[in-house]
Amino acid sequence: MKPYASYKASGVPWLGDVPVHWEVKKAKHITHHTTGWTPPTGDSASYEGNNPWATIGDLGEPTITETRNSISDEAVQKAGIVCSPPGSLLFSFKLSVGQVSIAGMPLFTNEAIATFLPTDDYVVAWAFYAFPAFIPENCATNIYGAKLLNQQRINDATLVVPLIEEQQAIADYLDTETARIDALMGEKERLIVLLKEHRQSVASDAVMRGLRPDVVTRQVRGGLGSIPDHWRLVPLKRFVKSWRKHSSTENPAYWDGDVPWVSPKDVKREVLTDSIDHVTDKAVSECGLAVIPPDATLVVVRGMILAHSFPVARNSVLVTINQDMKALRPISDVLPEYLPWLLRGVKPIVLSLTEQSAHGTLALRTDKFFGEPLPIPPQDEQVQIMAFLTTELPPHRRPAPPHQ
């Protein structure tokens with residue numbers, strides 16, 4: 001990507017200099033756009049037609065060849081909306097501002113989508129990349145900081161317009177680079193899945209089979225299979241103390257204090273030194289919050305994350321916990337540092353103990369969880385297993401949450 005021989009000031013503060021032969025124009029001077037319409041939600045007959053009807057949820061893919069909804073001929077005639085022809089650019093200017101797709105077929109849209117019709121002044125494939133970069137710069141913002149666009153602001157947006165052949169070259173280059181990046185991201189996502197499966201396999205083998213391949217084993221019930229013959233099988237409730245007392249009050253006097261209040265969003269590190277939210281000493285005393293001492297094991301017992309994961313962490317400082325958490329601390333047999341490794345290793349068994357609540361949220365059946373027999377090696381082997389897993393599976397390096 002060599003620089004051009006000369007540049008000029010664009011006259012637009014956020015844009016700076018542009019190639020001298022490129023033109024700076026208002027969007028209305030090179031293109032024309034239309035918008036669609038949404039039938040009233042109670043007018044079910046309007047949604048029973050065969051005319052493809054795109055909403056913001058349909059945008060995102062480079063080309064739209066199908067829509068989730070359709071509308072009737074009568075709805076089209078009633079509203080007088082214009083069909084978006086194939087090859088036109090669909091641009092979201094409400095909510096997800098700047099989301100785009102190219103129409104791969106004739107379709108209609110709702111009122112949150114602007115359809116930019118093809119003209120001789122620009123290449124639609126170039127506009128696919130350029131319009132989301134330029135047009136939102138002319139947004140207003142509401143009191144919450146959200147971007148706001150309307151048809152006038154779209155028309156008055158500043159565009160930097162290269163020559164047609166350069167527009168096509170830019171679009172071709174970005175298509176190639178985007179495809180390459182998408183492929184790399186897909187490969188990385190596949191690798192992450194494989195690494196997670198590897199971590200789970202290593203942890204499960206260590207806490208359920210031990211480190212000695214020649215050890216004598218015995219078959220046990222449930223999902224454990226076989227365990228070393230000299231290990232004990234003990235229900236969780238027999239060797240841990242648990243805490244779950246919490247407060248969900250909105251009293252402002254209870255919040256923004258100095259006491260960490262751990263919730264599932266904090267359990268992204270294996271050792272917690274702080275939390276995102278904090279409560280006051282007043283909340284602890286007046287609400288009777290359980291103060292969890294260091295070296296407890298904190299587990300998520302409610303939330304949709306339980307559909308695929310069982311977050312487990314240790315706290316290195318005093319904390320309190322919210323209603324979606326439970327804190328555990330061994331009272332016999334198991335070293336405090338070993339308990340998190342044990343629970344991570346039996347994650348597939350734990351996830352089988354979840355159920356969906358009436359509100360659609362997943363929750364761990366704590367009665368079954370605490371009654372679940374777990375394999376307990378002698379403490380010297382616990383130390384060896386921890387040393388092995390710490391070497392083989394180093395903790396994820398994530399920044400600690402800021403204490404606001």
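No hydrogens, no waters, no symmetry mates; every other heavy atom, side chains included, goes into these values. Worth saying up front: this structure is predicted, and the values here are computed from it rather than measured.
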Using only heavy-atom distances, determine whether the side chains of Tyr122 and Thr31 contain a donor-acceptor pair under 3.5 Å.
-> yes
Residue pair Tyr254 / Lys282, side-chain heavy-atom distance below 4.5 Å = yes
Gln99: side-chain contact (heavy atoms from CB on, under 4.5 Å) partners, not counting sequence neighbours | Leu59, Ser92, Ser96
Do Asp73 and Asn51 have a side chain donor and acceptor closer than 3.5 Å?
-> yes
Verify the neighbour count for atom CZ of Arg329: are there more than 12 heavy atoms of other residues, nucleotides or ligands below 6.0 Å?
-> yes
Between Trp22 and Glu166, a side-chain donor and acceptor under 3.5 Å = yes
Give a yes or no on whether the backbone of Ala290 and the side-chain of Thr320 come within a donor-acceptor separation of less than 3.5 Å.
-> no
Kindly check if the number of other-residue, nucleotide or ligand heavy atoms within 6.0 Å of CG (Asn50) is above 12?
-> no
Please lay out, stage by stage, how Gln168 and Asp172 fare under the test side chain to side chain donor-acceptor pair (under 3.5 Å).
-> CA-CA 6 Å; Gln168 188 61 60; Asp172 292 343; 3.0 Å; yes
Keeping the roles fixed (side chain from Asp58, backbone from Thr55), state whether a donor-acceptor pair exists under 3.5 Å.
-> yes
Where Lys8 and Val20 come nearest, the two heavy atoms and their spacing = NZ-O, 3.3 Å
Which distance, rounded to the nearest 0.5 Å, do you find between the CG of Leu117 and the OG1 of Thr115?
-> 7.0 Å
Given side-chain contact (heavy atoms from CB on, under 4.5 Å), test Ile292 with Asn315 step by step and report yes or no.
-> CA-CA 8 Å; Ile292 316 301; Asn315 59 308; 4.2 Å; yes
Polar side-chain atom of Thr280 near backbone of Ala283 as donor-acceptor pair, under 3.5 Å | yes
The salt bridge (charged side-chain N to carboxylate O under 4.0 Å, His left out) partners of Arg238 (sequence neighbours excluded) come to none
Neighbour count >12 (heavy atoms, 6.0 Å) for atom CG, Asp229 = yes
Could you check if a side-chain atom of Arg218 sits within less than 4.5 angstrom of a side-chain atom of Leu233, using non-hydrogen atoms only?
-> yes
How far apart are the C-alpha atoms of Arg199 and Glu270, what are their side-chain angles, what is the distance that settles it, and do they pass the salt bridge (Lys or Arg N to Asp or Glu O under 4.0 Å) test?
-> CA-CA 14 Å; Arg199 286 179 68 90; Glu270 294 180 2; 3.3 Å; yes
Is there side-chain contact between Ile385 and Leu211, with heavy atoms separated by less than 4.5 Å?
-> yes
For Glu23, what residues pass the salt bridge (charged side-chain N to carboxylate O under 4.0 Å, His left out) criterion, not counting sequence neighbours?
-> Lys25
Do Leu362 and Glu355 touch side chain to side chain, with heavy atoms closer than 4.5 Å?
-> no
Main-chain N/O of Val271 paired to Arg314 side chain as donor or acceptor, under 3.5 Å | no
Given the options Val300, Ile321, Asn322, Asp324, Ser263 meets side-chain contact (heavy atoms from CB on, under 4.5 Å) only with Asn322
Tell me, do Val100 and Leu90 make a side-chain contact under 4.5 Å, heavy atoms counted?
-> no
Could Arg180 and Glu187 be called an ion pair, given the rule that one side-chain N must be under 4.0 Å from one carboxylate O?
-> no
Begin from the C-alpha positions of Thr38 and Glu111 and carry the test side chain to side chain donor-acceptor pair (under 3.5 Å) through to its verdict.
-> CA-CA 6 Å; Thr38 297; Glu111 74 284 354; 2.5 Å; yes
Measuring from Leu163:CG to Glu165:CD, what's the distance to the nearest 0.5 Å?
-> 5.0 Å
State whether the side chain of Thr390 and the backbone N or O of Ala387 hold a donor-acceptor pair below 3.5 Å, judged by distance alone.
-> no
Spacing of CG belonging to Leu374 relative to CD1 belonging to Ile349, to within rounding of 0.5 Å | 7.5 Å
Should Lys78 and Asp43 count as an ion pair when the cut-off is N to O under 4.0 Å?
-> yes
Where do Pro260 and Val317 come nearest, in terms of heavy atoms and distance?
-> CG-CG2, 4.5 Å
Side chains of Leu328 and Ser242: does their closest heavy-atom pair fall under 4.5 Å?
-> yes
Do any pairs count as a ring-ring contact (aromatic ring centres under 6.0 Å, His included) and have a residue in residues 320-357, sequence neighbours left out, and if so which ones?
-> none
State, with a plain yes or no, whether a side-chain heavy atom of Gln200 is found less than 4.5 Å away from one of Pro348.
-> yes
Note: Leu15 and Ser10 closest approach over all heavy atoms is CB-OG, 3.5 Å
Heavy atoms from other residues, nucleotides or ligands near CD of Glu61 exceed 12 (cutoff 6.0 Å) | no
Within the side chain of Trp126, is there an N or O that forms a donor-acceptor pair under 3.5 Å with the backbone of Ala169?
-> no
Test item: Thr178 side-chain N/O and Asp175 main-chain N/O as donor-acceptor pair under 3.5 Å | no
More than 12 foreign heavy atoms under 6.0 Å from NE2 of His198: is that the case here?
-> no
With no hydrogens and no angle check, is any side-chain donor or acceptor of Glu74 less than 3.5 Å from a backbone partner on Ser46?
-> no
Residues forming a salt bridge (charged side-chain N to carboxylate O under 4.0 Å, His left out) with Lys28, sequence neighbours excluded | Asp156
Can any side-chain N or O of Ser101 pair as donor or acceptor with the backbone N or O of Gly60 at less than 3.5 Å?
-> yes
How far apart are the closest heavy atoms of Ala206 and Leu389, and which atoms are they?
-> CB-CD2, 3.8 Å
Got a sec, which pairs hit ring-ring contact (aromatic ring centres under 6.0 Å, His included) with one end in residues 90-116, sequence neighbours left out?
-> His33-Phe116, Phe91-Phe116, Phe116-Phe131
Heavy atoms of other groups near Glu66 CD, more than 12 under 6.0 Å = no
Tyr47 backbone acceptor or donor facing Asn69 side chain under 3.5 Å | no
What are the two closest heavy atoms between Ile276 and Asp266, and how far apart are they?
-> N-OD1, 2.8 Å
Correct closest heavy-atom pair for Leu272 and Ala313 would be CG-CB, 4.0 Å
Minimum side-chain heavy-atom gap Val259-His278 below 4.5 Å | no
